[in-house]
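Below is one structure, written out as structure tokens, with a few remarks after it.
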Amino acid sequence: MEMVALVDCNAFFCSCERVFKPHLREKPVVVLSSNDGCLIALSAEAKALGLKMAVPFFKVKHLIDKHKVHVFSTNYMLYAHMSRRVMATLEALVPALEVYSIDEAFLDFSHVPENERTKEARRIQQMVLQHTGIPVSIGVAPTKTLAKVANKLAKTHPQWNGVLDLSRSHDIERFLPFVWCEDVWGIGRASAPKLSKYGIRTAADLAGADPFLIKKLMGIVGTRLVNELKGEQAFSLEVAPPPAKSIICSRSFGRPLSQKEEVKRALLYHVVRGGAKLRRKKRQARHLTIYLRGNRYAQKEAYVSRTAAVQLPLATHYTPTLLAAADHLFEKVWQEGALYAKAGVMLTDLTPEAAHPTTLFDLRPHQKEKALMTALDALNERYGRGTLGFASQLQKENLWRPKEALKSPNYLTRWDELLTVR
DNA sequence: TCTGGGGTCCTAGGACCC
DNA sequence: TCTGGGGTCCTAGGACCC
């Protein structure tokens, strides 16, 4: 790979909602995080009103009401389906691609002749819009980090219409002085001030900085990043996703809880999800960690945080085993009298699914367990999540359920929520 | 009143061994 | 019991990403 193009969907979650509500084009739109907590996607019109990414919803509600911004609770299933459509479209247009996140893909662009890179990027942009209704921006460059830079410039400067080819070195030199360090992929809140102290403020400063200083300030990660800015590839295209190393399932509660049974029910719900995720990824976990948390923003004295972990005797993805382990840990760490805001489970030390899980003392393959989980997953896949569950999930109502007051219909995954055309 | 969820990688420091 | 250095493994926490 000598040339790479980064395709990034514009305000992806907002764009997904707009596909099914075309009258919201040109209107300010935001999408909230789980539990209607923060703003995690903003249309250009919403940004123009001064709204910002990751700001708590309640803090800007007045602004949102005043300007009649259209607000959606997150509908992750819908976005994941739309993402698959975008990626499938891209896949047909290039020899290789890396799906980097739900709304981004790196494309191998080495086959495109130098003077046709912009034209080809534009063609791809057009095809994705036509097939999916999702607008994208594309940056072309010799490394992933520079492609990120190009994409960012393409997205923020209307004159380029969402496409910028930064493949020639004189163009790279021309543009890097206009990119702030903190806008470079891999430079975050902690590194930017450190660099600034040494007068390194732009991507151009960074590219020209003393390698020993960079190594000292940012370690090996910084070294690689600077090399990429100079046009030397440090990150290659990862066509096949590497196997998962850990799985986390957690949610903030819709409201604070103090009742033991309620908190436990939430935790076990996440354990069930974790088991299903393991099986879908064909992995087994050897290590299970549970945690219960209070409100992160509470006074220090009032903040509860309980964590417990166990090494399982055998790597497994059998839900009842995971439930039993989690239940045991929960009893160990439960603390009466506190207010809890969140529960979660972390599955780590993952290994590939074994064909026949056995123990030293019982060498029979655990076929029954496997058959049970296979049947369970198949039913939930076919008839919708929650069709078949565990006794721990039986309850008339779940007090912990996150808020999602403004959620759009599941247009693509529920028969009863399909879009109706009149 | 109300502040996301799910990941990866790297480093430092402790425990332990020879 | 004292002396010394180096290696490995594990874990916790920081930083970053979307």
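No hydrogens, no waters, no symmetry mates; every other heavy atom, side chains included, goes into these values. Just so it is clear: chains get the letters A, B, ... in the order the sequence lines come, proteins before strands, and each one is counted from 1.
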Q) Among the nucleotides B:dG6, C:dC18, C:dC16, which one has an atom lying closest to any side-chain atom of A:S101? A) C:dC18
Q | Cation-pi, A:Y269 ring and A:R401 (6.0 angstrom, 45 degrees) | A | yes
Q) Is the shortest side-chain N/O distance from A:S191 to OP1 or OP2 of C:dC16 below 4.0 Å? A) yes
**Q.** A:S33 vs B:dT3: side-chain N/O to OP1/OP2 distance below 4.0 Å
**A.** no
Q. Quantified in whole Å, what is the C1' atom distance between nucleotide C:dG4 and nucleotide B:dC17?
A. 14 Å
Q) Should the pair A:K260-A:E331 be classified as a salt bridge under the 4.0 Å nitrogen-to-oxygen rule? A) yes
Q.
From NZ of A:K403 over to P of B:dG5, roughly how many Å is that when rounded to an integer?
A. 12 Å
Q | Nucleotide nearest A:K59 (side chain, heavy atoms from C-beta), chosen from B:dG4, B:dT3, C:dC18 | A | B:dT3
Q) Taking the side chain of A:A190 as its heavy atoms from C-beta onward, which of C:dA15, B:dG4, B:dT3 lies nearest to it? A) C:dA15
Q | A:R251 side chain near B:dG6 phosphate (N/O to OP1/OP2, under 4.0 Å) | A | yes
Q: Indicate whether OP1 or OP2 belonging to B:dT3 is found under 4.0 Å from a side-chain N or O atom of A:S252.
A: no
Q. A:V221 has a side chain; which of B:dC10, B:dC2, B:dT8 sits nearest to it?
A. B:dC10
Q: Verify the contact: side-chain N or O of A:S246 to OP1 or OP2 of B:dT8, cut-off strictly under 4.0 Å; return yes or no.
A: yes
Q) Does a side-chain N or O from A:K144 land closer than 4.0 Å to OP1 or OP2 of C:dC17, or not? A) no
Q.
With a 4.0 Å limit, can you tell me whether A:K277 has a side-chain N or O closer than that to the phosphate oxygens OP1/OP2 of B:dG7?
A. yes
(Q) Taking only side-chain N and O atoms of A:R273, does any of them lie within less than 4.0 angstrom of OP1 or OP2 on B:dG6? (A) yes
Q. Under 4.0 Å between a side-chain N or O of A:K245 and OP1 or OP2 of B:dC9?
A. yes
Q) Which part of the nucleic acid, if any, lies within reach of A:L32 when heavy atoms closer than 4.0 Å are counted: base, sugar-phosphate only, or nothing? A) nothing
Q: Respond yes when some side-chain nitrogen or oxygen of A:K342 is under 4.0 Å from OP1 or OP2 of B:dG5, and no when none is.
A: yes
Q: Indicate whether any N or O donor in one side chain lies under 3.5 Å from an N or O acceptor in the other, for A:R279 and A:T319.
A: yes
Q | N/O donor-acceptor pair under 3.5 Å between A:S33 side chain and A:I40 backbone | A | no
Q. Across all strands, who's sitting opposite B:dC18 as a Watson-Crick or G-U wobble pair, both distances under 3.5 Å?
A. C:dG5
Q) Would A:Y297 count as stacked on B:dT3 if the rule is ring centres under 5.5 Å and plane angle under 30°? A) yes
Q | Ion pair check, A:K155 and A:E104, cut-off under 4.0 Å | A | no
Q. Any side-chain N or O of A:R224 less than 4.0 Å from the OP1 or OP2 oxygen of B:dC9?
A. no
